[in-house]
Structures are given as structure tokens and as C-alpha cells.
Amino acid sequence: FFHNLQKDEQEQILDYKLMVYLCSGTDSQKLEWFKTINIAGEKLTLQKMAADLYQGSLQVDGSLRVPVGASPQLALNTTVSKVQLPTMLADLTQAPSKVAAGALTLDAQLTSVPTTKAQVLASLSGRAKFAVDGLVLDELNVEQRVCEAAAKVEGKPLSDKVWPARTAFRDTQVTAQMTNGVAQLSP
């Protein structure tokens, strides 16, 4: 997404002075140092980020709590509103999108209590609601594919019907309930 920013915005990010702290010493000394930086286990709230994104908007905020002697607790809230899928997918894949129309809306509240970097996704829990308004797929007619499969199963020829080259869907909504990195989907 960096390449989609204006030149002055890119320069602002590239010119940002980043301070990195390196800590050395015994495990006890490192823990003491981290407690000082972490304000003795208090919650660190990440700055809310908001941006325009593919004719829609994106908002992200979160928090990180690192209790002394316990696993860190990460919470992330994300809202995506009316992001235009054809443009976004074409940018991401660097190829023309088969999605001719559609606007994505996402509302997610996710948490993770990882003990290692690899467990961030494995311990992911929470809920995410996805909705796509006005989804149209090019070069794919779902009704035609279903009829072809039914004709094949029944051993009958498919009619000579002329099928449109695209499929339009009604508004589509899916909820994903995440528990320890496994998603259960429901309409």
C-alpha cells in the first residue's frame, strides 16, 4: 500500500526517526528494564490509524498488555468500509481483477495471547464480519456452472441457452468466529 501513497506521504514515512532500544544483561535485568518501559505491566494502547483506502476507509486500533510473569495479550480492532474490490485486487495481484464490482466492509475484533511469535495466529480468537455489496464476477456464470454439473450428473445434454458472461450476487455477508486460530464461518 506504500506505493499508493502520495510522494510527500512516502517521504514523511521514510524520514521518520525511529528509536530502537537494545537491552543486554541477565534475564532478571532484562525483565526489570522491560517492566520500566512497559510501565510495570500496564496496557500499551496503539495509536488509532485511519486512512482512505480504494474509495473506502480503514480504521485500526489495538492494545498490547504484557503482564509480568504472563503471556502478552494483543487486541486488535479493524474496520474497513466500502473498499472497492476491483481496484484493490488488481493492485494486490498486479493483474486485471475478475471482480467487476463490489465494495468490502469488514468489522473485526480479534485477540491473541501468544507465547511465541509463531503462536500469534494459532492463538487468534474473536469475531470478524465480512460483507460485500454489489459483487459482480467477470468471466464466470455460477448458474451456468451449476446447470452444467447437474446435466453431467443426470447424463443429459445442457440446453443451448445463452449465458451471460458474468454473475451478480446479492449482498453477501459472512461472520467468522475465531477460536485459537480456527475459523468457523456462518452466513
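Residue numbers count from 1 along this sequence.
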Query - Shortest non-hydrogen contact from Pro86 toward Gly102 - result: CD-O, 3.6 Å

Query raised in the report: Do Leu89 and Phe169 sit in the same hydrophobic cluster, where Ile, Leu, Val, Met, Phe, Trp and Tyr count as joined when their side-chain heavy atoms come under 4.5 Å apart?
Result: yes

Query raised in the report: Closest approach of Leu137 and Leu135, non-hydrogen atoms and distance?
Result: CD2-CD1, 4.1 Å

**Report entry** Reported CZ-to-OG1 distance for the pair Arg127 and Thr175, which is rounded to 0.5 angstrom
**Finding:** 6.5 Å

Query raised in the report: Leu5 and Leu14: same hydrophobic cluster, using ILVMFWY side-chain contacts below 4.5 Å?
Result: yes

**Report entry** Glu148 and Gln144 side chains, donor-acceptor separation under 3.5 Å
**Finding:** yes

Query raised in the report: Between atom CG of Leu110 and atom CG of Leu124, what is the distance when rounded to the nearest 0.5 Å?
Result: 5.0 Å

Query raised in the report: In Å and rounded to the nearest 0.5 Å, what is the NZ to CD distance from Lys98 to Glu139?
Result: 3.5 Å

Requested in this report: Drop me the distance from Lys7's NZ to Glu11's CD, to the nearest 0.5 angstrom.
Outcome: 5.0 Å

**Report entry** Separation between CZ of Arg145 and OG1 of Thr167, rounded to the nearest 0.5 Å
**Finding:** 9.0 Å

Query raised in the report: Would you find more than 12 non-hydrogen atoms of other residues, nucleotides or ligands less than 6.0 Å from Glu9 atom CD?
Result: yes

Query raised in the report: Of the non-hydrogen atoms in Ala183 and Met178, which two are nearest, and what is the gap between them?
Result: CB-SD, 3.3 Å

**Report entry** Hphob cluster co-occupancy, Val174 + Met88, side-chain heavy atoms under 4.5 angstrom
**Finding:** no

Query - Pairing of Asp138 and Arg166 as salt bridge, 4.0 angstrom limit - result: yes

Report summary line: Rounded to the nearest 0.5 angstrom, the CG-OG distance for Asn180 and Ser125 is 4.5 Å

Query - Heavy-atom neighbours of Gln173 CD exceed 12 at 6.0 Å - result: no

Requested in this report: Kindly give the heavy-atom pair with the smallest separation between Gln59 and Ala50, and that separation in Å.
Outcome: CG-CB, 4.1 Å

Requested in this report: Please lay out, stage by stage, how Val113 and Leu74 fare under the test side chain to side chain contact (heavy atoms under 4.5 Å, CB included).
Outcome: CA-CA 6 Å; Val113 185; Leu74 175 65; over 6 Å; no

Requested in this report: Kindly work out whether a path of hydrophobic side-chain contacts (I/L/V/M/F/W/Y, heavy atoms less than 4.5 Å apart) joins Leu140 to Leu85.
Outcome: yes

Requested in this report: Answer yes or no: is there a donor N or O on one side and an acceptor on the other, between the side chain of Asn141 and the main chain of Trp163, under 3.5 Å?
Outcome: no

Query - Residue pair Ser112 / Ser123, side-chain donor-acceptor N/O under 3.5 Å - result: yes

Query raised in the report: Checking side chain to side chain contact (heavy atoms under 4.5 Å, CB included) against Leu58, which of Thr79, Val83, Thr78 comes through?
Result: Thr78

Query - Cluster check Leu92, Val132: I/L/V/M/F/W/Y, side chain < 4.5 angstrom - result: yes

Requested in this report: List the steps and the verdict of side chain to side chain contact (heavy atoms under 4.5 Å, CB included) for Asp107 and Phe130.
Outcome: CA-CA 7 Å; Asp107 185 26; Phe130 301 87; over 6 Å; no

Query raised in the report: Do Gln184 and Thr179 touch side chain to side chain, with heavy atoms closer than 4.5 Å?
Result: no

